[in-house]
Amino acid sequence: MASEATVLTVDGPDGERSVRLSSPSRVLWPDLGLTKLDLARYIIDVGEAFVRANGDRPVSLQRFPEGIDGEQFFSKNPPKGAPDFVRSVMVVYPSARTHPQLVIDEPAAAVWAVQMNTVVFHPWASRAETSDFPDQLRIDLDPQPGTDFGDAVGPAIELRKVLAEAGLEAFVKTSGNRGLHVFAPIAPTHEFLEVRHAVIAAARELERRMPDRVTTAWWKEERGTRIFVDFNQANRDRTMAGAYSPRALPNAAVSTPLDWSELESADPTAFTIRTVPERLRMLGDPWADMHAHPGTLDVLLGWWQRDLDAGLGELPFPPDFPKMPGEPPRVQPSRAKKPASPA
């Protein structure tokens, strides 16, 4: 018996492409009954904006062969049999190992990724041909237990002011879950570690202004009911869901770019693969011109040096990263050895 399959027509740079979709009726979001075909059609509908945001970048695919409630895994390099319009680029990981990483250049490549049961797309902050040098400064505002999306809105607005003072234009999107992602386009002239230091400098400045509402504490036990400014998302090979990427959540949420004027009244649960295509048609893409005027990190790196001179040094890296110069101990505070009591 022939297997169930369908062929989708996708506009490409040189005409139409045909992308075969096997098992189109496979349910990816069980609560809503949304299928692999529904996801592929969503990607086609938002294709231009999706590629503008995520294309020409190394990207990791978060794949769910049995739907979002089943097993999942990440893939980075194109598997054997990838079509000729899907390419890869060699990148360097924190371990210093090099490896080919997938690059999406057109909507058909993203639809092909859906054919492989990709739900979430995780693009790097750098371009494919200059992968060591980010052209986006990214800050993840992550609500902690006891806080929610609404608690992240005020810090996002203040962070926009902080970045403006540093000469950077900020753009915002929902994470697709409870948080917010704030991006700023930058000239690709600094390596990842320097960009991370710029993010830390901005995060510390935001923390000074809103100490009761945000925190840069890496250890969860120290964060309290505040918004965590996740500086480690700026590290090499650390990615977040891309703009217009679906999320593996029951409501089929999408990480959605917003105009700043929308933020205070935004409901992140309203942005899904069912609603975002019409939103894009009606309102356009708030991130369409993101890279028209990239800024520099000069001011933020000046703040970083100021903080170093004041005794504020490096912050912890994730445990799977090599130990970095000047990094504090990777020991949870409550488990750190206490000094011996005097006799």
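Sorted by first and then second residue, the pairs that involve residues 87-112 and meet salt bridge (charged side-chain N to carboxylate O under 4.0 Å, His left out), not counting sequence neighbours, are R17-E106, D56-R87, R87-D105, R87-E129. For residues 226-253, the set of pairs meeting the salt bridge (charged side-chain N to carboxylate O under 4.0 Å, His left out) definition, not counting sequence neighbours, comprises K76-D237, D132-R236, E191-R236, R238-D320. Within the structure, the salt bridge (charged side-chain N to carboxylate O under 4.0 Å, His left out) test picks out the following pairs touching residues 284-302 (sequence neighbours left out): R52-D285. Among residue pairs with one or both ends in residues 193-217, those qualifying as ring pair (Phe, Tyr, Trp, His ring centres under 6.0 Å) are H197-W304; sequence neighbours excluded.
For D307, the salt bridge (charged side-chain N to carboxylate O under 4.0 Å, His left out) partners at least two apart in sequence or on another chain are R208. E66 is linked by a side-chain hydrogen bond (donor to acceptor under 3.5 Å, both in side chains) to nothing, counting only residues two or more places apart in sequence or in another chain. Listed by chain and number, the residues in a ring-ring contact (aromatic ring centres under 6.0 Å, His included) with W218 are F231 (sequence neighbours excluded). By the ring-ring contact (aromatic ring centres under 6.0 Å, His included) test, F121 is found to be paired with F50, residues two or more places apart in sequence or in another chain being considered. Residues meeting the ring-ring contact (aromatic ring centres under 6.0 Å, His included) test with W29, sequence neighbours left out: none. Legend: residues meeting side-chain hydrogen bond (donor to acceptor under 3.5 Å, both in side chains) with R41, ordered by chain and number and at least two apart, are absent. The ring-ring contact (aromatic ring centres under 6.0 Å, His included) search around F74 returns H122, not counting sequence neighbours.
Looking only at atom types and distance, the side chain of E48 has no donor-acceptor partner in the side chain of Y244 under 3.5 Å away.
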Using distance only, find each side-chain donor-acceptor pair of residues 151-160 under 3.5 Å and give its atom names and separation, not counting sequence neighbours.
residue	atom	partner	partner atom	Å
D151	OD2	D148	N	2.9
E158	OE2	R209	NH1	3.3

